[in-house]
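Counting convention: from 1, in listed order, for ligands and their atoms alike. Everything quoted here is computed from the prediction, not taken from an experiment. Atoms considered below: every heavy atom in the structure, side chains included; atoms not considered: hydrogens, waters and symmetry mates.
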Amino acid sequence: MSTLANYLDAHAKDPALSNVITTVTEVGKTISGLLKKGALADILGEAGNQNVQGEEQKKLDVLANDLLLDALAKNTHCAGVASEELDDATPANADGSLLVLFDPLDGSSNIDINMAVGTIFSILPYERQGQNSENSDFLQAGNQQLAAGYLLYGTSTVLALTIDDNVVMFSLDPDSGDYILINDHVQIAADTSEYAINASNYRYWLAPMQQYIDELIAGKTGVRGRDFNTRWVAAMVGDVHRILCRGGLFTYPFDTKYPNKAGKLRLMYEANPMSLLIERAGGAATDAINRILDIEPTDIHQRVPVVLGSKNEVNYVKDLHVQHAHS
Ligand code: AHG
Ligand code: MN
Ligand code: MN
């Protein structure tokens with residue numbers, strides 16, 4: 001039985017990286033414990049304020065953010081953190097070699113109803129050791145990530161992680177408190193019949209996305225010639241986990257619902273880490289046309305349309321968008 005500690009000892013080339021991943025995953029145990037207590041830990045409900053993106057913060061958004069921030073600030077290898085819940089990046093230890101970005105609690109609308117939520121993280125190199133990190137230090141393309149992963153707090157707590165060209169999964173053993181390796185080589189099939197989208201936004205989508213979903217709904221009776229099935233967790237972390245387990249397509253596409261915003265999901269601490277996991281498991285991740293990991297960020301909170309999962313399906317969506325652009 002291999003633990004996360006064994007795995008990191010054997011596979012992480014940089015001890016600093018192991019150390020920072022250990023800090024994040026230890027906080028994950030605390031968050032997991034709080035979620036298990038639920039209402040009994042007084043973690044449910046609104047915090048009563050908004051984050052920089054104008055979204056209402058839940059108590060657990062704030063708590064999870066503070067737990068990660070406090071733990072990483074004490075880690076000598078962490079030069080700074082950026083979070084969905086912090087307006088600006090926070091410098092940590094100037095001599096650190098790593099920057100950590102996170103969505104402390106993904107799927108906030110699921111907290112109060114006892115459904116799956118998660119923590120998403122991305123680790124980037126820090127190039128200006130000795131000086132305090134700033135927002136601009138975090139503006140690196142996703143292809144620069146040294147590691148990425150998520151913790152899914154579902155019926156069990158699962159960690160998905162990539163620190164090399166492989167994706168692995170661990171399950172948190174509630175008895176020993178250790179993360180135990182459950183899959184040492186996660187792979188996504190190229191074809192799928194399962195897709196995830198919030199279809200209530202249909203009228204805000206671009207024409208090629210409307211056409212794509214029309215084709216899936218037509219199933220056997222349409223051009224695809226076979227039936228498709230919808231699955232939607234309402235937390236990206238849950239939908240991505242399903243895709244890593246059994247394939248599928250997840251999209252939060254470009255829409256016109258929020259003017260001046262390219263989509264709902266955030267590039268740096270949602271789309272990039274998930275895209276790295278998906279690509280390394282053999283899938284694909286685009287903004288409908290372009291590879292997400294190659295986008296040069298201009299803002300730590302920028303949004304991006306996301307289409308990810310089984311490769312052939314992601315490419316099919318891309319072809320529809322390219323055809324529409326040329327018609
Ligand atoms: P967050 O809770 O961090 O704000 O992210 C929620 C995101 C994502 O996890 C999910 O796919 C999407 O929002 C669901 O949004 P809607 O239900 O509003 O469409
Ligand atoms: Mn999120
Ligand atoms: Mn969040």
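Counting only heavy atoms of the protein, atom 6 (C) of ligand 1 lies nearest to D106 OD1, 3.8 Å. In terms of protein heavy-atom proximity, atom 19 (O) of ligand 1 is closest to Y252 OH, 2.5 Å. Nearest to atom 15 (O) of ligand 1 among the protein's heavy atoms is K264 NZ, 2.8 Å.
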### Query
K220 and D227: salt bridge (Lys or Arg N to Asp or Glu O under 4.0 Å), yes or no, with the steps?
CA-CA 5 Å; K220 267 187 198 141; D227 287 341; 3.8 Å; yes
### Task
Walk me through it: do M236 and L308 pass the test side-chain contact (heavy atoms from CB on, under 4.5 Å)?
CA-CA 11 Å; M236 183 195 203; L308 59 74; 4.1 Å; yes
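Near E270, the atoms of ligand 1 lying under 4.0 angstrom from a non-hydrogen atom of the residue are 3 (O), 5 (O). Of all atoms in ligand 1, listed by their number and element, those nearer than 4.0 Å to a heavy atom of M236 are 8 (C), 9 (O), 10 (C), 11 (O). Within the listing of ligand 1, atoms 2 (O) sit less than 4.0 angstrom from a heavy atom of S108. Atoms of ligand 1 lying under 4.0 Å from any heavy atom of R266, numbered from 1 in the order shown and given with element: 1 (P), 3 (O), 4 (O), 5 (O). Every atom of ligand 1 is numbered from 1 in the order shown, and the set under 4.0 Å from a heavy atom of L105 is 2 (O), 3 (O). Atom numbering of ligand 1 starts at 1 in the shown order; those under 4.0 Å from a heavy atom of A235 are 9 (O). Residue contact check: E84 has heavy atoms under 4.0 Å from atoms 1 (P), 3 (O), 4 (O) of ligand 1.
Taking the six-membered ring for Trp and thresholds of 30 and 60 degrees, Y316 and Y212 have ring planes inclined between 30 and 60 degrees apart.
With hydrophobic clusters built from ILVMFWY side chains whose heavy atoms lie under 4.5 angstrom apart, L17 shares a cluster with Y179. Cluster membership check: V314 does not share its hydrophobic cluster with I292, using side-chain heavy-atom separations under 4.5 Å among Ile, Leu, Val, Met, Phe, Trp and Tyr.
Distance alone, capped at 3.5 Å, places no donor-acceptor pair between the T3 side chain and the I180 backbone. The closest donor-acceptor contact from the side chain of D103 to the backbone of Y269 lies at 3.5 Å or more, if one exists at all. A donor-acceptor pair under 3.5 Å links the side-chain atoms of S275 to the main chain of A271, judged by distance alone. With hydrogens and angles disregarded, no donor-acceptor distance shorter than 3.5 Å links the side chain of D66 to the backbone of L63. Remark: side-chain polar atoms of Q129 are paired, donor with acceptor, to backbone N or O of D95 under 3.5 angstrom.
With a 4.0 Å heavy-atom cut-off, ligand 1 is reached by no atom of D61. Only the side chain of D103 comes within 4.0 Å of ligand 1, counting heavy atoms alone; its backbone N, CA, C and O stay farther away.
Residues L293 and Q145 form a side-chain contact, since some pair of their non-hydrogen atoms from C-beta on lies under 4.5 Å apart.
Rounded to the nearest 10 degrees, the angle OD2 (D103) to the Mn ion (ligand 2) to OE2 (E270) equals 90°. At the Mn ion (ligand 3), the vertex angle linking O of L105 with OE1 of E84 is 160° (nearest 10 degrees).
Every heavy atom of V233 sits 4.0 Å or more from the atoms of ligand 1. At least one heavy atom of L265 sits less than 4.0 Å from an atom of ligand 1.
Between E279 and K311, no side-chain nitrogen of the basic residue sits less than 4.0 Å from a carboxylate oxygen of the acidic one, so the salt-bridge criterion is not met. A salt bridge between D255 and R203 is absent, with no side-chain N of the basic residue lying under 4.0 Å from a carboxylate O of the acidic one.
Any N or O atom pair closer than 3.5 Å counts here, and W232 shares no such pair with ligand 1. The shortest N or O to N or O distance between N198 and ligand 1 is below 3.5 Å. Ligand 1 has no nitrogen or oxygen under 3.5 angstrom from a nitrogen or oxygen of A234. Here's the thing with S109: none of its N/O atoms is less than 3.5 angstrom from an N/O atom of ligand 1.
As for D106, its N/O/S atom nearest the Mn ion (ligand 2) is the one called OD1.
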